[in-house]
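Structure record follows, encoded as structure tokens.
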Amino acid sequence: MARRRIIAGNWKMNMTPSQAKELCATLKDLVANDAVDVVYCVPAIDITTVVEAVAGTNVKVGAENFYIEDKGAFTGEISAPMLKEAGVEYVIMGHSERRDIFGEDDILINAKVKKAFAAGLKPILCCGESLAVRKAGTYVDWVKRQITWDLYGVTADQVKELVIAYEPIWAIGTGETATADQAQEVCKMIRETIADLYDAATAEAVRIQYGGSMNAGNAAELLSKDDIDGGLIGGAALKPDFGQIVNA
Ligand code: PGA
């Protein structure tokens, strides 16, 4: 069974609610493609606005973060049930900015993967190596270790619903994209890791995205690779270019 392509925008800390509404209107016709899963992962404050703005279209809404408890004394945090009730379907976890700037480790990320599934949200689990690790040549082991830890105790049926985003840190927001062959090499290795941890059917079902300076110019080549099932897009998700990526 062919895997369905999934193109997700990661808006990061951009777009006030009014700007979010405007962006949804700008992109509406450009992203109308029923053959592709299109997701906008947006700041928490924009979720309600974006859910309303994309109602009746092919676009799904995602969150950029959440905390693993359902409720309680966790000042500043937002829970999975809150996201679910607001109309969110996907949620990003393990992004390098959360790992590096906010100190999130694989133990927390693993708990987030399990919590998201328990709450009926689909995780977009990010992994990827720094430039130092890439240069040291140990990036395959690095990414394999992230995936293994992050999926500890996650079932095969859940992994079949999972989206994994391979995002080499040296390519995020830098304009320096991994070549299609570099991206394919790691995405293939991720699929092989899933086959080792689970089985061939699970590896065949899991969707793997590439992320890191994907844009209207390079998307088609990246997406033509066997093990790249979609993209997680930062900068280019805030512009009409996102429509070209959806249709690449
Ligand atoms: P970028 O970001 O497309 O701006 O490189 C991708 C990401 O961090 O998800």
Side-chain angles (χ1 to χ4, degrees), residues 5-15 19-20 23 27 30-31 36-44 46 50 59-66 88-104 109 112-113 116 121-131 133-134 139 142-143 146-147 150 162-180 182-184 186-187 190 207-223 225 228-248:
R5 187 175 286 185
I6 176 163
I7 303 293
N10 174 10
W11 290 10
K12 309 194 179 185
M13 198 173 73
N14 296 294
M15 300 287 137
Q19 291 168 335
L23 181 59
L27 294 178
L30 304 175
V31 302
V36 179
D37 284 339
V38 180
V39 185
Y40 297 165
C41 298
V42 308
D46 294 337
V50 172
V59 176
K60 312 279 188 220
V61 181
E64 298 178 15
N65 188 32
F66 74 106
V88 166
E89 290 185 42
Y90 291 86
V91 60
I92 297 174
M93 55 202 69
H95 193 280
S96 58
E97 287 151 19
R98 299 280 339 156
R99 293 179 190 257
D100 295 346
I101 304 171
F102 301 100
E104 295 193 7
I109 295 162
K112 287 188 173 193
V113 174
L121 297 168
K122 295 191 183 96
I124 298 177
L125 170 64
C126 303
C127 57
E129 81 285 359
S130 65
L131 187 57
V133 170
R134 166 67 51 169
Y139 55 95
W142 180 276
V143 173
Q146 284 182 323
I147 294 294
D150 296 346
L162 180 71
V163 179
I164 298 176
Y166 168 57
E167 299 205 312
I169 298 169
W170 46 273
I172 295 177
T174 57
E176 187 177 342
T177 320
T179 65
Q182 284 174 322
Q184 164 61 20
V186 180
C187 291
I190 291 171
R207 292 188 291 177
I208 304 175
Q209 298 174 315
Y210 168 77
S213 299
M214 193 187 268
N215 59 42
N218 59 30
E221 193 190 352
L222 287 158
L223 294 169
K225 294 293 178 182
I228 302 180
D229 307 313
L232 183 58
I233 293 102
L238 305 172
K239 308 189 276 196
D241 298 43
F242 190 68
Q244 286 170 262
I245 299 173
V246 167
N247 294 296

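Just follow the structure's listing: the first ligand is 1, and inside any ligand the first atom is 1. The model shown is predicted, which means the values in this text are computed figures rather than measured ones.
Using a 4.5 Å heavy-atom cutoff, the side chains of Val246 and Leu30 are not in contact. With contacts defined as side-chain heavy-atom distances shorter than 4.5 Å, the pair Leu23/Tyr40 does not qualify. Under the 4.5 Å side-chain criterion, counting only non-hydrogen atoms from C-beta, Asn65 is in contact with Lys112. Proximity of Glu64 to Pro43: side-chain heavy atoms (C-beta onward) are separated by under 4.5 Å at one or more points. Residues Met15 and Val50 fail the side-chain proximity criterion, which asks for heavy atoms closer than 4.5 Å.
Side-chain atoms of Arg5 never come within 3.5 Å of backbone atoms of Gly230 as a donor-acceptor pair (strictly under, hydrogens ignored).
Around ligand 1, the residues contributing at least one heavy atom under 4.0 Å from the ligand are Asn10, Lys12, His95, Glu167, Ala171, Ile172, Gly173, Gly212, Ser213, Leu232, Ile233, Gly234, Gly235.
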